[in-house]
There are 2 protein chains.
Amino acid sequence: MTTDETQIKELIFSLRSLRKETRRIFAYQAKKQQLTETWIIALSALTRKDPSSLDELAHALQLSNSTTSGIVDRMIADGLVTKERDENNKRRINIRPTDKGRQKYADTYADYWEKLAPVNAIDQTKLTELLAIQAELLEKLEGIK
Amino acid sequence: MTTDETQIKELIFSLRSLRKETRRIFAYQAKKQQLTETWIIALSALTRKDPSSLDELAHALQLSNSTTSGIVDRMIADGLVTKERDENNKRRINIRPTDKGRQKYADTYADYWEKLAPVNAIDQTKLTELLAIQAELLEKLEGIK
DNA sequence: CACGAATATTTCGTATACGAATTATGTTAC
DNA sequence: GTAACATAATTCGTATACGAAATATTCGTG
């Protein structure tokens, strides 16, 4: 095969490591605030689109509906969001952040992204290029199978 | 804050998407072969270092010991690996691939990496650069907290 | 040699994460 | 209008994934 296997393996491992690191960083902050990375992104999405259906939220989180369903339930148990059947379309649910959810998101928002500020030590140009190549890579991967 | 928040958010999402895609591609192949991405990487590591301790395997997989412990147990249940106490150090376990495990890995090895061959449509130069920038990024992330 | 420290693994509780199957509701074609 | 289809959400079973705590073994030091 023509594939430069070594490089591709390296790539897979690089991606594993990077996701692991970002998860770790979020987890550290999350502990103080009792929020997980996913919950923060969910609250962010719900702030932008309030209310959201399960499908819409799952899309924003890039997760399956079944995964998102469980996440919403746990967030409800924590009093961060509510869900109600849509009166106009009873298949649909409306998910909304509670005051507590909004407050918690506002409190931690700056912190979370600031935490990642050291990334800016990397050249802006390089970072832009990284995103471009990653986008190209994503496109190729999406075309597989 | 000086952080270009938008770009960093984009990066986090890009990484989420890329990992998700690679997982999806592995999962498709895995279904036929009854192997998961992690199991393939585990068998690969065990082929290179046979036997491995739990700690060594966890390191190779870049996973915690507790996670790896569960993975090994499930692989044992599937007859892919065995574990035994080390006679010279009874705290340690020796994890080894079975014939079935070795065979299954050999059968699927080429397939798995070939699947990712479309990635080579990207310039070799770009790919090398991607890995370099990602390595730099990883270093920065590891320095956080 | 004994006891505390270090090492190695496992168990537990919790949170992702997915696809398949199920349930409920709405839409469309006839 | 109703049967087939489409849409929306949930449930189930399984596999990651982690940290904290528990257990077992070995080592080091006095």
Side-chain angles (χ1 to χ4, degrees), chain A residues 16-42 51-59 61-78 80-81 83-95, chain B residues 15-42 51-59 61-78 80-81 83-95 145:
Chain A
R16 271 176 88 102
S17 304
L18 286 170
R19 278 295 298 144
K20 196 181 147 86
E21 274 305 303
T22 55
R23 235 184 298 118
R24 180 187 62 79
I25 292 162
F26 272 103
Y28 179 83
Q29 282 290 94
K31 207 171 175 181
K32 285 192 293 194
Q33 301 288 345
Q34 306 283 93
L35 291 176
T36 69
E37 173 182 353
T38 310
W39 291 14
I40 292 157
I41 297 174
S52 294
S53 71
L54 187 79
D55 207 61
E56 285 163 350
L57 184 58
H59 233 255
L61 298 178
Q62 304 181 303
L63 296 174
S64 70
N65 286 14
S66 58
T67 299
T68 308
S69 185
I71 288 163
V72 168
D73 285 349
R74 283 186 291 276
M75 289 180 79
I76 289 169
D78 243 58
L80 299 170
V81 301
K83 80 178 169 187
E84 265 174 25
R85 291 258 153 228
D86 188 309
E87 274 314 303
N88 299 325
N89 182 348
K90 287 200 186 115
R91 288 174 302 186
R92 202 185 132 99
I93 58 169
N94 288 321
I95 304 162
Chain B
L15 291 174
R16 272 176 88 102
S17 303
L18 286 170
R19 278 295 299 144
K20 196 182 149 85
E21 274 305 302
T22 55
R23 235 185 298 120
R24 180 187 63 78
I25 291 163
F26 271 102
Y28 180 81
Q29 282 289 94
K31 207 172 174 179
K32 287 192 292 193
Q33 302 288 347
Q34 306 283 92
L35 291 177
T36 69
E37 174 182 354
T38 309
W39 292 15
I40 292 158
I41 297 175
S52 293
S53 71
L54 186 82
D55 207 62
E56 284 163 351
L57 185 58
H59 234 255
L61 296 178
Q62 304 182 299
L63 296 174
S64 70
N65 286 13
S66 58
T67 300
T68 307
S69 184
I71 287 163
V72 168
D73 284 349
R74 282 186 292 276
M75 290 179 80
I76 289 170
D78 244 55
L80 299 170
V81 301
K83 80 177 168 187
E84 265 173 27
R85 292 258 153 228
D86 187 311
E87 274 315 303
N88 298 325
N89 181 346
K90 289 203 184 109
R91 289 174 300 187
R92 200 185 134 101
I93 59 170
N94 288 321
I95 303 164
K145 184 186 30 85

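Lettering of chains follows the sequences in order, A, B, ..., and the numbering in each one begins at 1.
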Exercise for the section: Pick base, sugar-phosphate or nothing for Arg19(A), based on heavy-atom distances below 4.0 Å to the nucleic acid. Expected result: nothing
Practice task
Pick base, sugar-phosphate or nothing for Ser53(A), based on heavy-atom distances below 4.0 Å to the nucleic acid.
Solution key: sugar-phosphate
Practice task
Using atom CD1 of Ile76(B) as one end and atom C1' of dA15(D) as the other, report the distance to the nearest whole Å.
Solution key: 16 Å
Exercise for the section: Kindly say whether Leu18(A) contributes a backbone atom to a donor-acceptor pair with the side chain of Thr22(A) at under 3.5 angstrom? Expected result: yes
Exercise for the section: Using a cut-off of strictly less than 4.0 Å, decide whether Arg92(B) has a side-chain nitrogen or oxygen near OP1 or OP2 of dA6(C). Expected result: no
Practice task
Measure the spacing between OG of Ser52(B) and CG of Leu61(B) and express it to the nearest 0.5 Å.
Solution key: 9.0 Å
Exercise for the section: Rounded off to whole Å, could you give me the NE2-to-C1' distance for the His59(A) and dA9(D) pair? Expected result: 15 Å
Handout entry: Atom-pair distance (CD1 on Ile41(B); C1' on dA15(D)), nearest Å
Key = 14 Å
Fill in the blank from the handout: note: Met75(A), atom CE; dT14(C), atom P; distance rounded to Å ~ 18 Å
Completion exercise
Interatomic distance, CD1@Ile95(A) vs CG@Leu57(A), rounded to 0.5 Å, equals 5.0 Å
Practice task
For Ile95(B) and dA8(C), give me the distance from atom CD1 to atom P, rounded to whole Å.
Solution key: 13 Å
Exercise for the section: Please check if the side chain of Lys20(A) supplies one atom and the backbone of Gln62(B) the other of a donor-acceptor pair under 3.5 Å. Expected result: yes
Handout entry: Interatomic distance, Gln34(B) CD vs dT14(D) C1' [rounded to whole Å]
Key = 12 Å
Handout entry: Gap between atoms CD1 and P, on Ile71(A) and dT14(C) respectively (whole Å)
Key = 17 Å
Practice task
Note the angle between the end axes of the helix from dC1(C)-dG30(D) to dC30(C)-dG1(D), five pairs defining each, rounded to 10 degrees.
Solution key: 10°
Handout entry: Residue pair Gln34(A) / Trp39(A), side-chain heavy-atom distance below 4.5 Å
Key = no
Problem - Side-chain N or O of Trp39(A) closer than 4.0 Å to phosphate OP1/OP2 of dT16(C) - result: yes
Fill in the blank from the handout: For nucleotides 18-26 of chain D, 5' to 3', base contacts (B), sugar-phosphate-only contacts (S) and non-contacts (-) with protein non-hydrogen atoms under 4.0 Å give BBB----BB
Problem - Gap between atom CD1 of Ile71(B) and atom CG of Leu63(B) - 0.5 Å precision - result: 5.0 Å
Handout entry: Under-4.0 Å salt bridge between Arg19(B) and Glu37(B)
Key = yes
Fill in the blank from the handout: Taking for Arg16(A) and for Leu54(A) the nucleotide of DNA chain D with the nearest heavy atom, the one nearer the 5' end belongs to Leu54(A)
Practice task
For Asn89(B) and Arg91(B), indicate whether the former's side chain and the latter's backbone hold a donor-acceptor pair under 3.5 Å.
Solution key: yes
Handout entry: N or O in side chain of Thr38(B) less than 4.0 angstrom from dA17(D) OP1/OP2
Key = yes
Exercise for the section: Would you sort out whether Glu84(B) and Ile93(B) count as a side chain to side chain contact (heavy atoms under 4.5 Å, CB included), showing the intermediate values? Expected result: CA-CA 5 Å; Glu84(B) 265 173 27; Ile93(B) 59 170; over 6 Å; no
Problem - Spacing of Asp73(A) atom CG relative to dT14(C) atom P, expressed in whole Å - result: 16 Å
Practice task
Could you tell me whether the side chain of Glu56(B) and the main chain of Ser53(B) form a donor-acceptor pair under 3.5 Å?
Solution key: yes
Exercise for the section: For the side chain of Lys83(A), starting at C-beta, report the closest nucleotide among dT10(D), dT16(C), dT9(C). Expected result: dT10(D)
